[in-house]
Amino acid sequence: MKLLSASASPFVAKVRMAALFAGLDVQAVDADSNNEAPELLAINPLGKIPCLVLDDGQAVFDSRVITRHLDRLSDGKLYPSNADMLLETEIMEALCDGICDSAVAFQYEMRFRDQEMWSQSWMERQWGKAERGLDMVSTMLPPFGANAHIGSIALFATLGYLDLRFSGRWEEGRLDLVGWRDAFANAHPEMTDLKPNA
């Protein structure tokens with residue numbers, strides 16, 4: 001399987017980490033979603049990454065659809081089977097994805113608009129969403145090691161993106177999250193090379 005990717009994307013990082021954790025072989029292939037890469041648009045009309053291309057050529061997109069597919073392929077290695085644990089895991093993944101949506105939107109405002117056109121109030125709203133999400137995550141930190149699941153992986157990918165783009169800002173008052181990130185990295189050293197990078 002091929003994964004159309006960008007190295008800085010937290011959503012790509014989540015999928016690559018999930019595939020590794022599930023023991024599945026996925027080849028990352030760079031695709032420029034900002035410039036509507038033809039090979040991406042040909043299989044995903046939304047032009048978004050990550051986009052998983054199956055062996056038969058079918059495209060699977062949106063990171064949560066991809067991680068669900070990887071879970072089925074791996075006989076349930078990513079999502080718990082217990083209903084209560086499953087719901088908690090799904091909420092964690094959605095929460096992490098939402099934090100990333102807001103952080104990426106904040107970053108794009110600075111990256112793609114001239115500074116005099118930045119909307120400070122809009123950026124503050126995006127960062128406020130990310131901060132509230134982080135505060136909630138801090139109250140429900142997921143397991144790592146043998147009991148890790150997609151919620152754990154999503155959080156590690158999210159914090160990896162925040163380390164890349166907002167280092168020194170997101171950590172304030174969140175030593176529990178910093179400690180969790182470090183503990184996860186120690187328990188899963190194979191994941192650290194898959195964190196978002198420039």
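This one's a predicted model, so the numbers in the text were calculated from it and none came from an experiment.
- Taking both residues in full, the closest heavy atoms of Thr89 and Gly151 are given as CG2-N, 3.7 Å, listed atom of the first, atom of the second, then distance.
- Neither side chain, Lys48 nor Ser33, offers a donor N or O lying under 3.5 Å from an acceptor on the other.
- Counting only residues at least two apart or in different chains, side-chain hydrogen bond (donor to acceptor under 3.5 Å, both in side chains) contacts with residues 177-194 comprise Asp163-Arg181.
- Around atom CD of Glu88, no more than 12 heavy atoms belonging to other residues, nucleotides or ligands sit under 6.0 Å away.
- The distance from atom CG of Leu159 to atom CG of Leu155, rounded to the nearest 0.5 Å, is 4.5 Å.
- Atoms CZ and CG, on Arg64 and Asp97 in that order, are 4.5 Å from each other to the nearest 0.5 Å.
- Distance check, rounded to the nearest 0.5 Å: NZ of Lys195 to OG of Ser7 gives 13.5 Å.
- Val104 and Leu162 fall within a single hydrophobic cluster, where Ile, Leu, Val, Met, Phe, Trp and Tyr are joined by side-chain heavy atoms under 4.5 Å apart, directly or via other members.
- Looking at Ser102, its side chain never comes within 3.5 Å of a backbone N or O of Trp127 through a donor-acceptor pair.
- Side chains of Arg68 and Asp62 form no contact here, defined as non-hydrogen atoms less than 4.5 Å apart.
- For the residue pair Ile153 and Lys14, the shortest heavy atom distance occurs at CG2-O, 3.7 Å.
- Atom CE of Met136 has 12 or fewer neighbouring heavy atoms from other residues, nucleotides or ligands inside a 6.0 Å radius.
- Looking only at side-chain heavy atoms (C-beta outward), Leu40 and Cys51 come within less than 4.5 Å of each other.
- Taking the side chain as every heavy atom from C-beta outward, His149 and Lys77 never approach each other to under 4.5 Å.
- In terms of hydrophobic clustering, with Ile, Leu, Val, Met, Phe, Trp and Tyr side chains grouped at heavy-atom distances under 4.5 Å, Leu134 and Met140 are assigned to a common cluster.
- Scanning both residues, Phe61 and Ile43, for their nearest heavy atoms gives CE2-O, 3.7 Å.
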Worksheet item: Stepwise, does the side chain to side chain contact (heavy atoms under 4.5 Å, CB included) test hold for Tyr108 with Asn34?
Response: CA-CA 10 Å; Tyr108 275 22; Asn34 293 320; 3.5 Å; yes

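- Electrostatic pairing of Asp101 and Lys129 does not count as a salt bridge here, judged by no charged N lying under 4.0 Å from a carboxylate O.
- Checked against a 6.0 Å centroid threshold, the rings of Trp122 and Phe106 do not count as neighbours.
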Worksheet entry | Worked check of side chain to side chain contact (heavy atoms under 4.5 Å, CB included) between Gln115 and Met110 | CA-CA 7 Å; Gln115 185 170 356; Met110 294 191 299; over 6 Å; no

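- Val53 is not listed as a side-chain neighbour of Gln58, based on a closest heavy-atom distance of 4.5 Å or more.
- Residues Lys2 and Val26 are not in side-chain contact: their nearest non-hydrogen atoms beyond the backbone lie 4.5 Å or more apart.
- Remark: of the listed residues Leu78, Leu54, Leu24, Leu54 is the sole one forming a side chain to side chain contact (heavy atoms under 4.5 Å, CB included) with His69.
- Taking each heavy atom of Pro50 and Ser63 in turn, the nearest pair found is CG-CB, 4.0 Å.
- No more than 12 heavy atoms of other residues, nucleotides or ligands lie within 6.0 Å of CG in Asp25, so this atom counts as exposed by the packing criterion.
- Hydrophobic clustering (side-chain heavy atoms under 4.5 Å, transitive across Ile, Leu, Val, Met, Phe, Trp, Tyr) keeps Leu46 apart from Val65.
- A heavy-atom distance below 4.5 Å is found between the side chains of Met92 and Val137.
- The shortest heavy-atom contact between Thr158 and Cys100 is OG1-SG, 3.3 Å.
- A salt bridge is absent between Arg169 and Glu131; no separation between the charged side-chain nitrogens and carboxylate oxygens falls under 4.0 Å.
- Distance check, rounded to the nearest 0.5 Å: OG1 of Thr139 to CG of Leu141 gives 7.5 Å.
- Nearest heavy atom pair, residue Phe144 against residue Ala183, reads CZ-CB, 3.5 Å.
- With hydrogens and angles disregarded, a donor-acceptor distance shorter than 3.5 Å links the side chain of Trp118 to the backbone of Arg113.
- Shown here is Glu172, whose CD atom has no more than 12 heavy atoms of other residues, nucleotides or ligands within 6.0 Å.
- Side chains of Ser5 and Ile49 form no contact here, defined as non-hydrogen atoms less than 4.5 Å apart.
- Side chains of Tyr79 and Thr67: a donor-acceptor N/O pair is present below 3.5 angstrom, by distance only.
- The distance from atom CZ of Phe21 to atom CG of Leu194, rounded to the nearest 0.5 Å, is 13.5 Å.
- Follow the hydrophobic side-chain contacts under 4.5 Å out from Met17 and you never reach Leu164; the two are in separate clusters.
- Counting heavy atoms from C-beta on, the side chains of Val29 and Leu3 never come closer than 4.5 Å.
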Discussion item. One pair to check against side chain to side chain contact (heavy atoms under 4.5 Å, CB included): Leu70 and Met1. What are the steps and the verdict?
Written reply: CA-CA 11 Å; Leu70 296 178; Met1 295 180 289; 4.3 Å; yes

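- The distance from atom CE of Met123 to atom CD of Glu109, rounded to the nearest 0.5 Å, is 6.0 Å.
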